[in-house]
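A short write-up of the structure that comes next.
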Amino acid sequence: MSSYKPEDIESKWQEYWQENKTFKTPEDHDKPKYYVLDMFPYPSGSGLHVGHPEGYTATDILARYKRMNGFNVLHPIGWDAFGLPAEQYAVKTGTHPRETTQKNVDRFREQLQDLGFSYDWDREVNTTDPDYYKWTQWIFLKLYEKGLAYEDDVPVNWCPELGTVLANEEVIDGKSEVGGFPVVKKPMRQWVLKITEYADRLLEGLDDLDWPESTKKMQRDWIGKSIGANIDFKVSGYDEEIRVFTTRPDTIFGATYMVLAPEHDLVDKITTEDQKEAVKEYQEEAARKSDLERTELSDEKTGVFTGVSAINPATGEEIPILVADYVLVTYGTGAIMAVPGHDDRDWEFAKKFDLDIVEVVEGGDVSEGAYTDTEEGTMVNSENDDISLNGLSVDEAIERITNWLEDIGQGEKAVNYKLRDWLFSRQRYWGEPFPIIHVDGEPKPVREDDLPVTLPEMDDFEPTEDGEPPLAKAIDWVNTEDPETGKPAKRETNTMPQWAGSCWYYLRYCSPEFEDGPVDPDEENYWMPVDMYVGGAEHSVLHLLYARFWHKVLYDCGVVSTKEPFQRLVHQGMILGEVEFTGFKKDGNWISADIADEVEDVERVKLSEDQVEKQGDEFVIKDTEITVDSKAHKMSKSRGNVVNPDDIVDQYGADSMRLYEMFMGPLEQVKPWSTKDVDGVYRFLGRVWRLIIDEDSGELNESVTEASPSKEQLKVLHECIQKVTGDIEDLSFNTAISAMMIFINEANKWEEHPKPILEQFIKLLSPFAPHIAEELWRKLGHDESIAYVDWPEFNEEYLISDTQLYPVQVNGKVRGEIHVPREKAKNKEFVLSEAKSEENVKKYLEDGNLVKEIFVPERIVNLVVK
RNA sequence: GCCCGAGUGGCGGAAUUGGUAGACGCGUCGGACUUAAAAUCCGAUUGGCAUCCAAAUGCCAGUGCCGGUUCGAGUCCGGCCUCGGGUACCA
């Protein structure tokens, strides 16, 4: 017996590929190149889940396809291996993070190899390897030299439980993204990177990238460039000015009050004696509120009067200055001129505190709500002795008033960004040490020759009690001397965030052994940019923005030759767990899903597929009217719906696993997992096998012949070649697989299977299911791996059939079909007369007058009858 | 609230520039093979109606809802609804 047994062939070929270094990246630069990259995985303790191989399979298919099309392919993998989980585990168990990381990396590597991915394992990189982070540190020095890295005392998100500072992005609803622990604001000395200096270039660079529009938009929004004006308002009775940023200087005549953020410096200076207490109380309250609370309570605006007024430079009127937390200290100048007539937030606030609302742009009704349209409105009530905006459009008014403010020295055109500088240090052990020493309290870069600054050996990874990083406990390591002056020095004890290593790893893959820089310029020149980058949409903003930032800095340093690192980007869609049916019970009785939300103490009951049935648009409990919830959920440990790829490989083999992940649906779409559907692709592979192999002998089937292929066989093959080739180019892997299934279904009907046909088909299959393809390729008599044979060429000639099918419509409804000889297929008169004499069509023509005839060559005929 | 994306059989999903809606797969039903089962193979499978011994054929409805453009709409336009994702007072 020799039926299709993936377990017998897959490990065999995996070992073969390894031993023969089949997928070693070519060293010549003579062919066109293709750099296809997966997002850097973090080797977590739980191993791969089925979401990982989705993107990896897609890139692997592309890599294999491009190799067969004569490209030099760079298809590497490595490990983003610094990070909090290994450190937390170390704190708990005493196991050194290096050991945990090593173990996890080994597990990941093994799992990936079990899936038969064609990575060049000689180029594996690991961010925790000193030979790697030496260059991460080197890049930091470049940033430092360029003045893009600075120290600052900033209020940071301090998480006492984790003993570390978190980036804004790592804090969700006032809790840590990892672990869900509370986070508080605390001022600390931190390293910060001046990403804001690159804001404009990061914005412009997006234009030419072949990325999903939504991702580009998210980056643009994150950078958040807005153009407007800075305006200075004099504080009445003080020698102080309040500077505000506004995108709507045109509405200045409607500015009836001002607001300072509670943290604004001027608050304490100007507040009057009798308001001091109220203001102080308000500030304290605001400080206590987490970001979550601030937004949750956003319906109700709060604030307090400072007791002082400012002078509106346009109207000359005194307007009250208030403190309110709807103004953020971190954006613009931390102060605003409030124009309740034309800003929703100001309007809401003015209503609540009974402040004046003045209409200065005509077009709405400011007693009903703020009028914010900038297209339609015209200016009104905007006039003083010097200038009038009345009658102008918003755009004209902005121009005019900005110039006027500049003339009187109270304002200027200004640009603002939402993007803030990047908080770049963490109070952790398991990260890259900064190549910085402190001499006489001043930071000083470590000399390039002294890199890498390696992590000291430690066995206690907890932060000090006052929040100093764990490295502060490595006294011998911290205390060093300045090699230039011999003065005593202290090493920086913060470490870099996890983003650091992943900001440039794609460069290291080009020349992982290079010793004179992060990347060999020759190799960089050849391989960059990344032609195809596949990874999750969760990295839409941060990783991709940070990496682009570093890349641009490296471009300025002359290290890289391209302005952007990733030319084409695709996000694979998330794979959800199996669809679950949930019924709802109250006091032991079933209730419908749509009312379950409103009822208390509802019991949720998981139902099996055969306990429910479809009724209309909903699922109900069988033989009842009680609706149930039908939904696929995100895979999670707590829900217990995580699918482990190892189990699928054990049961069906890696080829089926790969095929199923691609067959589920379009790559970029969210899709529910269904293990029983894997049967479909597994059976398909079984049919491929049996088409070629005699199960009794294990040899080629007798039907596999040297005969020359028939016209029909060539047609079926070339239809498949055309579809699969086009679909791979479009990343429509699901329909490519379906085309191969169609081929096999057709081929199964043939009595003879000419070898050349089968060989071409096996080539098409090989990027998707490489193990079975390699095995069958050898059985068909080849000595070399299929990995580098030429991709089948599609020949249109074979597709042309003897007849052309025309559906015939009458008034847009199909009433019959006709087959016309190929040579007459474009003959309008002939086709129409054939169409009109079709039996079923005739009936319709008899009932009315033919008023119009539509003839679309090689497509369709439509006869319009009245 | 705002910004994206998506709604097609029992299920996952197919359908060039508008041109036969439901490819391919799962499931289900029926059949073949088998002592039996598994595996495999063949057939049916959107709903309804009609003719008919049957095979088959025809008709009507149908791609979230309402309306429009067109000889012809899953696809284009306008207005909604639902679900998923992102974002959160950014002046």
Side-chain angles (χ1 to χ4, degrees), chain A residues 3 212-215 217-218 221-222 224 226 228 244-248 251 259 291 294-299 301 324-328 330-339 343-346 348-349 416-420 537-538 540-541 573-574 576 579 609-610 612-614 617 619 630-632 634 659-660 663-666 668-681 683-684 686-687 690 695 726 732 734-742 745 748 805-817 839-840 843 851-854 856 858-865:
Chain A
S3 55
E213 272 314 311
S214 57
T215 304
K217 194 177 178 313
M218 281 169 76
D221 289 350
W222 189 266
S226 41
V244 303
F245 172 74
T246 177
T247 54
R248 295 293 306 276
T251 60
V259 183
D291 288 345
R294 279 209 193 183
T295 51
E296 256 186 0
L297 303 171
S298 64
D299 311 337
K301 293 240 178 324
D325 67 1
Y326 82 92
V327 172
L328 309 173
T330 46
Y331 182 77
T333 60
I336 61 158
M337 65 173 204
V339 185
D343 181 284
D344 292 319
R345 297 151 299 181
D346 297 343
E348 214 180 291
F349 189 79
N416 239 295
Y417 299 91
K418 257 160 78 172
L419 184 69
R420 291 173 223 158
E538 65 274 19
S540 288
V541 176
M574 203 194 324
L576 305 174
V579 172
E609 213 184 317
D610 38 86
V612 299
E613 62 184 347
K614 184 99 178 198
D617 287 339
F619 278 90
S630 142
K631 217 174 168 182
K634 209 168 160 169
L659 225 36
Y660 174 66
F663 188 63
M664 289 171 83
E668 300 186 56
Q669 203 166 295
V670 178
K671 307 165 276 275
W673 179 270
S674 168
T675 297
K676 71 169 193 240
D677 283 10
V678 183
D679 281 332
V681 292
R683 283 178 203 151
F684 162 68
R687 284 201 290 276
R690 287 190 301 276
E695 293 193 88
S732 300
N734 54 331
T735 50
I737 294 166
S738 134
M740 290 189 280
M741 289 172 165
I742 291 170
N745 291 346
N748 258 324
L805 168 77
Y806 274 100
V808 181
Q809 297 182 330
V810 178
N811 293 338
K813 289 198 164 142
V814 179
R815 298 302 181 184
E817 314 185 312
E839 277 309 308
N840 199 43
K843 290 191 295 197
V851 295
K852 199 170 180 185
E853 297 167 341
I854 311 282
V856 185
E858 296 182 311
R859 264 275 131 86
I860 206 162
V861 170
N862 190 7
L863 304 170
V864 186
V865 172

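What you see is a predicted model; the values in this text were computed from it and never measured. Naming: A, B, ... by sequence-line order, numbering from 1 per chain.
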Provide, to the nearest angstrom, the distance between the [atom1] atom belonging to [X] and the [atom2] atom belonging to [N].
X        : N     : atom1 : atom2 : result
A:Ile336 : B:C89 : CD1   : P     : 13 Å
A:Arg815 : B:G19 : CZ    : C1'   : 16 Å
A:Lys813 : B:G62 : NZ    : C1'   : 11 Å
A:Glu839 : B:G58 : CD    : C1'   : 13 Å
A:Leu328 : B:A88 : CG    : C1'   : 10 Å
A:Met740 : B:A14 : CE    : P     : 15 Å
A:Glu613 : B:G47 : CD    : P     : 15 Å
A:Trp222 : B:U87 : CH2   : P     : 7 Å

What integer number of Å spans the [atom1] atoms of [N] and [M]?
N     : M     : atom1 : result
B:C4  : B:A88 : C1'   : 15 Å
B:C71 : B:U20 : C1'   : 16 Å
B:G48 : B:U40 : P     : 31 Å
B:G79 : B:G5  : P     : 16 Å
B:C65 : B:G74 : P     : 12 Å
B:G86 : B:C29 : C1'   : 45 Å
B:U34 : B:C49 : P     : 40 Å
B:G9  : B:G67 : C1'   : 27 Å

Between A:Val670 and A:Asp221, which has a closest nucleotide on RNA chain B that is more 5'?
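The residue mapped nearer the 5' terminus is A:Asp221.
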If you assign A:Ala335 and A:Asp679 each to the RNA chain B nucleotide with the nearest heavy atom, which residue ends up on the more 5' nucleotide?
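Going by which nucleotide is closer to the 5' end, it is A:Asp679.
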Under 3.5 Å for both donor-acceptor distances, Watson-Crick or wobble: does [N] have a partner, and if so which one?
N     : answer
B:U40 : B:A32
B:C59 : B:G48
B:U75 : none
B:A6  : B:U82
B:G1  : B:U87

Nearest to the [X] side chain among [options], which nucleotide is it?
X        : options             : value
A:Arg683 : B:G13, B:G19, B:G27 : B:G27
A:Asn734 : B:C71, B:A14, B:U20 : B:A14
A:Ser738 : B:G13, B:U40, B:C24 : B:C24
A:Asp343 : B:A23, B:C41, B:A91 : B:A91
A:Tyr331 : B:G25, B:A91, B:C3  : B:A91
A:Phe663 : B:G19, B:G25, B:C11 : B:G25
A:Arg859 : B:C89, B:G19, B:C24 : B:G19
A:Glu817 : B:U20, B:A14, B:C11 : B:U20
A:Met218 : B:U40, B:G25, B:G86 : B:G86
A:Val327 : B:G25, B:A91, B:U20 : B:A91

Could you tell me whether the side chain of [X] has a donor or acceptor atom within less than 3.5 Å of a complementary atom in the base of [N]?
X        : N     : answer
A:Asp677 : B:C26 : no
A:Gln809 : B:G19 : yes
A:Lys217 : B:C3  : no

Counting any heavy atom closer than 4.0 Å, what does [X] reach on the DNA or RNA strands: base, sugar-phosphate only, or nothing?
X        : result
A:Ile854 : base
A:Val864 : sugar-phosphate
A:Thr330 : nothing
A:Gln669 : sugar-phosphate
A:Lys631 : sugar-phosphate
A:Lys676 : sugar-phosphate
A:Thr735 : sugar-phosphate
A:Asn840 : sugar-phosphate
A:Asp346 : nothing
A:Asn745 : sugar-phosphate

Do [X] and [Y] have side chains that approach each other closer than 4.5 Å (heavy atoms only, starting at C-beta)?
X        : Y        : value
A:Met337 : A:Thr246 : yes
A:Trp222 : A:Ser540 : no
A:Asp346 : A:Tyr326 : yes
A:Asn748 : A:Arg687 : yes
A:Asn811 : A:Val864 : yes

In this structure, are over 12 heavy atoms from other groups packed under 6.0 Å from A:Lys614 atom NZ?
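Counting other residues, nucleotides and ligands, NZ of A:Lys614 exceeds 12 neighbours.
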Kindly check if the number of other-residue, nucleotide or ligand heavy atoms within 6.0 Å of CD (A:Glu853) is above 12?
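Atom CD in A:Glu853 is crowded, with more than 12 foreign heavy atoms closer than 6.0 Å.
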Ignoring hydrogens and geometry, is there a side-chain-to-backbone donor-acceptor pair from A:Tyr806 to A:Glu858 under 3.5 Å?
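Pair found, side chain donor or acceptor close to backbone of A:Glu858.
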Main-chain N/O of A:Trp673 paired with A:Tyr660 side-chain donor or acceptor, under 3.5 Å
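Pair absent, no side-chain N/O of A:Tyr660 close to backbone of A:Trp673.
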Reckon [X] has a side-chain N or O less than 4.0 Å from the OP1 or OP2 of [N]?
X        : N     : answer
A:Lys852 : B:C71 : yes
A:Lys614 : B:G27 : no
A:Ser226 : B:A91 : yes

Anti or syn, where syn is a glycosidic angle within 90° of 0; which label fits B:G84?
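It is anti.
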Identify the residue among A:Asn862, A:Val861, A:Val856 that makes a side-chain contact (heavy atoms from CB on, under 4.5 Å) with A:Arg859.
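It is A:Val856, the one option of A:Asn862, A:Val861, A:Val856 that forms the side-chain contact (heavy atoms from CB on, under 4.5 Å) with A:Arg859.
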